[in-house]
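On a predicted model such as this, the values are computed, not experimentally measured, just so you know. First the proteins, then the strands, lettered A, B, ... as listed; each starts at 1.
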Protein chains: 2
Amino acid sequence: MSDRLPPLTALRAFEAAARHLSFALAAAELNVTPAALSFQIKSLEAHFGAPLFRRLNRAVELTEAGSALAPGATDGFRTLAAAWRTAQRTQDHQSLTVTAGPAFTAKWLAPRLFEFAQAHPEIELRFSASLRVMDFARDNIDVAIRFAKQVDPDLFTLPLAEEWVTPVMTPAMAKQFPTPQSLRDAPLIVDDSIAFIYPPSDWNAWLAAMNIAAPASFGPRFSQADHATDAALAGAGVVLGRRALVLKYLAEGQLVAPYEFALATGARFWFLCPKAAQDRPQIVAFRDWIMREISKTSAVTDRITIIAKHDA
Amino acid sequence: MSDRLPPLTALRAFEAAARHLSFALAAAELNVTPAALSFQIKSLEAHFGAPLFRRLNRAVELTEAGSALAPGATDGFRTLAAAWRTAQRTQDHQSLTVTAGPAFTAKWLAPRLFEFAQAHPEIELRFSASLRVMDFARDNIDVAIRFAKQVDPDLFTLPLAEEWVTPVMTPAMAKQFPTPQSLRDAPLIVDDSIAFIYPPSDWNAWLAAMNIAAPASFGPRFSQADHATDAALAGAGVVLGRRALVLKYLAEGQLVAPYEFALATGARFWFLCPKAAQDRPQIVAFRDWIMREISKTSAVTDRITIIAKHDA
DNA sequence: CATATCGGTTCAGTTTTACTTATGTGAAGA
DNA sequence: TCTTCACATAAGTAAAACTGAACCGATATG
């Protein structure tokens with residue numbers, strides 16, 4: 001038996017060997033000779049007080065003690081490697097990796113990317129568009145923009161403008177459907193990506209808030225918000241547009257929000273980054289820029305009344 | 001900049017120094033001289049490419065890079081140490097640490113402890129009674145008995161007898177309240193510890209299943225199931241008894257379950273242990289013993305009909 | 001205002017650890 | 001049978017980690 005922690009070099013050798021179930025491969029991974037690795041394992045076993053591997057004919061397998069040690073060892077070294085990478089990234093003031101959902105990336109970030117690049121030519125901005133919620137350390141992410149009701153209090157968080165939904169469409173189509181009531185005959189594009197929000201913020205909820213019976217059938221369905229928006233842009237119908245995603249088109253006149261009322265979603269976009277990273281220059285630059293861009297566009301929707309939370 | 005992982009001895013030195021914010025204390029913890037520690041930090045910083053500590057007058061503080069590295073480093077080494085301890089424990093065939101909720105510990109395990117000790121005098125059984133769900137590696141736990149609907153599929157799991165609830169009381173009180181209907185006038189002891197189960201398995205649910213209107217008020221409340229059971233044992237009223245917790249008293253006649261129907265809870269007790277540990281002799285012994293004990297007592301409640309899941 | 005003290009650093013020398021090259025062993029497969 | 005493969009062992013060497021003593025600057029103290 002022994003101390004609180006074994007010799008770390010030997011433990012790392014064990015971890016690689018357990019992962020490959022081969023001393024030779026582990027030795028190659030660590031850039032040492034098989035002899036060195038064999039010796040490390042042996043010394044670790046001596047330290048431990050029992051074999052960690054069973055030596056078979058031309059292979060090795062873990063003993064019970066080895067199987068108990070292996071997962072935690074792998075996990076521990078992975079954690080250390082992630083921490084090291086994270087620390088390394090603090091030294092990099094040139095690049096900034098942002099993760100956001102596909103819709104926000106396509107409809108908010110990408111159209112404004114050029115302006116950010118002009119304002120901060122020294123920063124190399126990278127995107128990682130995914131619905132999967134990333135881990136800052138593991139996935140080498142600096143900043144996340146996420147749509148959610150609540151966020152992890154261990155992170156640096158900044159609420160972006162509150163989110164609501166209202167029907168948006170091309171100006172041509174707006175002439176066709178001048179009132180909320182007239183939407184019953186309109187092709188209503190369905191965006192399934194908001195399904196996870198509770199209370200729901202879908203067509204049924206908006207129409208209910210307007211005291212309008214739901215139509216017998218809906219129009220085309222999309223699983224991602226940006227595709228639904230694209231369909232509306234193409235004149236395919238009316239989409240229940242989320243503020244952040246359609247603001248730019250409203251400002252430019254490509255889409256209009258003809259009705260007076262919007263439905264609060266209860267959720268919003270958040271700016272997220274690790275607390276330790278909140279003062280890194282490129283993160284500060286990005287944060288300031290995103291806040292400025294948001295305040296810039298808020299005038300576009302001043303006219304719209306937000307309906308307090310629906311009951312549903 | 002550098003490799004995938006820095007020299008581990010240096011990293012460990014950093015971790016201790018970051019935790020204490022003192023090189024001297026860190027050196028003491030690692031049983032080395034301050035000189036050695038200073039050198040390790042310096043070499044780590046060289047490897048990293050930037051300072052990790054700011055040297056102040058008579059103290060040190062973390063730089064931004066240091067703050068980014070420290071939490072992950074601590075976490076990583078903690079994980080490694082936990083894995084090492086877990087592996088060490090596999091070599092110990094004498095002792096067995098079991099965690100369970102307070103009620104199960106008091107009303108099921110403790111009363112049977114003597115029998116287990118007789119059957120396996122070589123095993124030193126330890127208890128860790130807590131509602132907090134433990135981590136096997138971190139908390140040095142071998143086996144957990146937990147009441148839940150579902151369990152982690154990465155663990156070795158064994159479902160214990162299905163759990164239901166039915167009113168139980170002293171024999172004297174059973175004469176007073178011969179039918180479920182008569183319970184409306186009985187002191188109904190409330191056990192709040194089942195609140196987390198869904199669908200709820202409380203008095204309202206049981207009475208509803210019997211088509212009995214809930215009484216205007218309930219009797220004493222307890223936040224833990226064993227205390228509620230104790231109150232019933234003392235003749236303070238009728239408690240909605242969970243099978244596992246009251247079986248022994250039913251078998252011994254201290255309590256009776258006078259009515260024919262029990263309500264299934266949808267949850268049950270589980271035997272849990274890490275997969276790697278499932279064949280350790282004392283765990284096998286404990287598992288076999290607990291299964292045997294359970295099958296032994298099932299005859300006591302043969303008479304009772306279990307009502308399939310309530311609607312609520 | 002000296003001066004002791006505290007926390008960290010530097011340096012020279014020593015011990016310990018880690019590694020390589022070369023050789024050995026036993027079982028599987030051509 | 002005779003390679004070949006995968007690991008073990010041995011001897012020697014390079015590298016690392018550590019110690020003890022001297023050092024440095026800043027605070028605290030009488």
Novice: Donor-acceptor pair, A/Trp270 side chain versus A/Ala148 backbone, under 3.5 Å?
Specialist: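 Flag set: sc A/Trp270 to bb A/Ala148 pair under 3.5 Å.
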Novice: Send over the distance from A/His20 NE2 to D/dA6 P, rounded to a whole Å.
Specialist: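 After rounding, the reported distance stands at 14 Å.
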Novice: For A/Phe147, which residues count as a ring pair (Phe, Tyr, Trp, His ring centres under 6.0 Å) partner, sequence neighbours excluded?
Specialist: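 With sequence neighbours excluded, A/Phe147 shows a ring pair (Phe, Tyr, Trp, His ring centres under 6.0 Å) to A/Phe269, given in chain and number order.
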Novice: Whether A/Asp142 and A/Arg126 form a salt bridge (side-chain N of Lys/Arg under 4.0 Å from carboxylate O of Asp/Glu) is what I want to check.
Specialist: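 Looking at A/Arg126 and A/Asp142, the cut-off is not met.
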Novice: Can you give me the closest heavy-atom contact between B/Arg89 and B/Arg280, atom names plus distance?
Specialist: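 Heavy-atom minimum between the residues: O-NH2, 2.8 Å.
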Novice: Measure from CZ on B/Phe53 to C1' on C/dT9 and round the result to the nearest Å.
Specialist: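 Rounding to the nearest Å, CZ of B/Phe53 and C1' of C/dT9 are 15 Å apart.
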Novice: Which pairs, protein N/O on one side and nucleotides 14-24 of chain C N/O on the other, fall under 3.5 Å?
Specialist:
from	atom 1	to	atom 2	distance (Å)
C/dA18	OP1	A/Thr9	OG1	2.8
C/dC19	OP2	A/Gln40	NE2	3.1
C/dT20	OP2	A/Thr33	N	2.7
C/dT20	OP2	A/Thr33	OG1	2.9

Novice: Name the orientation class of the two ring planes belonging to B/Phe271 and B/Phe156 (parallel below 30°, tilted from 30 to 60°, perpendicular beyond 60°).
Specialist: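 Ring orientation of B/Phe271 relative to B/Phe156: perpendicular.
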Novice: Show me the side-chain donor-acceptor pairs of residues 23-32 of chain B shorter than 3.5 Å, one per line, residues at least two apart or across chains.
Specialist:
from	atom 1	to	atom 2	distance (Å)
B/Glu29	OE1	B/Arg19	NH1	3.1
B/Glu29	OE1	B/His20	NE2	3.2
B/Glu29	OE2	B/Arg19	NH2	2.9

Novice: How close or far is atom P of D/dA6 from atom CZ of A/Arg55, stated in whole angstroms?
Specialist: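 Taking atom P of D/dA6 as the reference, CZ of A/Arg55 is at 16 Å.
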Novice: Whole angstroms only, please: what is the CG-C1' distance between A/Leu25 and D/dC5?
Specialist: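 From A/Leu25 CG to D/dC5 C1': 12 Å.
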Novice: Considering only distance and modelled atom types, tabulate donor-acceptor pairs under 3.5 Å from the side chains of residues 64-78 of chain A, sequence neighbours left out.
Specialist:
from	atom 1	to	atom 2	distance (Å)
A/Ser67	OG	A/Thr63	O	2.7
A/Thr74	OG1	A/Glu15	OE2	2.9
A/Thr74	OG1	A/Ala70	O	3.2

Novice: What parts of residues 60-74 of chain A reach DNA chain C, counting only heavy atoms under 4.0 Å away?
Specialist: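 Nothing qualifies; none.
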Novice: Which parts of nucleotides 25-30 of chain C does protein reach within less than 4.0 Å, heavy atoms only, written one letter per nucleotide 5' to 3' as B for base, S for sugar-phosphate only and - for none?
Specialist: --SB--
Novice: Taking 4.0 Å as the cut-off, does a side-chain nitrogen or oxygen of B/Lys42 come that near to OP1 or OP2 on C/dG8?
Specialist: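 Checking C/dG8 against B/Lys42, no side-chain N or O comes under 4.0 Å of OP1 or OP2.
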Novice: Between B/Thr33 and B/Phe39, is any pair of side-chain heavy atoms under 4.5 Å apart?
Specialist: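 Of all side-chain heavy-atom pairs linking B/Phe39 with B/Thr33, none is under 4.5 Å.
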Novice: Could you report the tightest heavy-atom contact between A/Trp84 and B/Arg4, atom names first, then the distance?
Specialist: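 Heavy-atom minimum between the residues: CD1-O, 3.8 Å.
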Novice: Quick one: sort the A/Phe286 and A/Trp289 rings into parallel, tilted or perpendicular, breaks at 30° and 60°.
Specialist: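 Correct class here is tilted.
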Novice: What is the distance, to the nearest angstrom, from the CD1 atom on A/Ile41 to the C1' atom on D/dA6?
Specialist: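 It works out to 14 Å between those atoms.
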Novice: Hey, are the side chains of A/Thr99 and A/Phe127 touching, using non-hydrogen atoms and a 4.5 Å cut-off?
Specialist: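 Of all side-chain heavy-atom pairs linking A/Phe127 with A/Thr99, none is under 4.5 Å.
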Novice: May I have the distance from B/Leu44 (atom CG) to D/dA17 (atom P), rounded to whole angstrom?
Specialist: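 So the two atoms are 11 Å apart, to the nearest Å.
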Novice: Write down the distance between CZ (A/Arg54) and C1' (D/dA8), rounded to a whole number of angstrom.
Specialist: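 So the two atoms are 18 Å apart, to the nearest Å.
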Novice: Any side-chain N or O of A/Ser38 under 4.0 Å from OP1/OP2 of D/dC7?
Specialist: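 No, no such contact exists.
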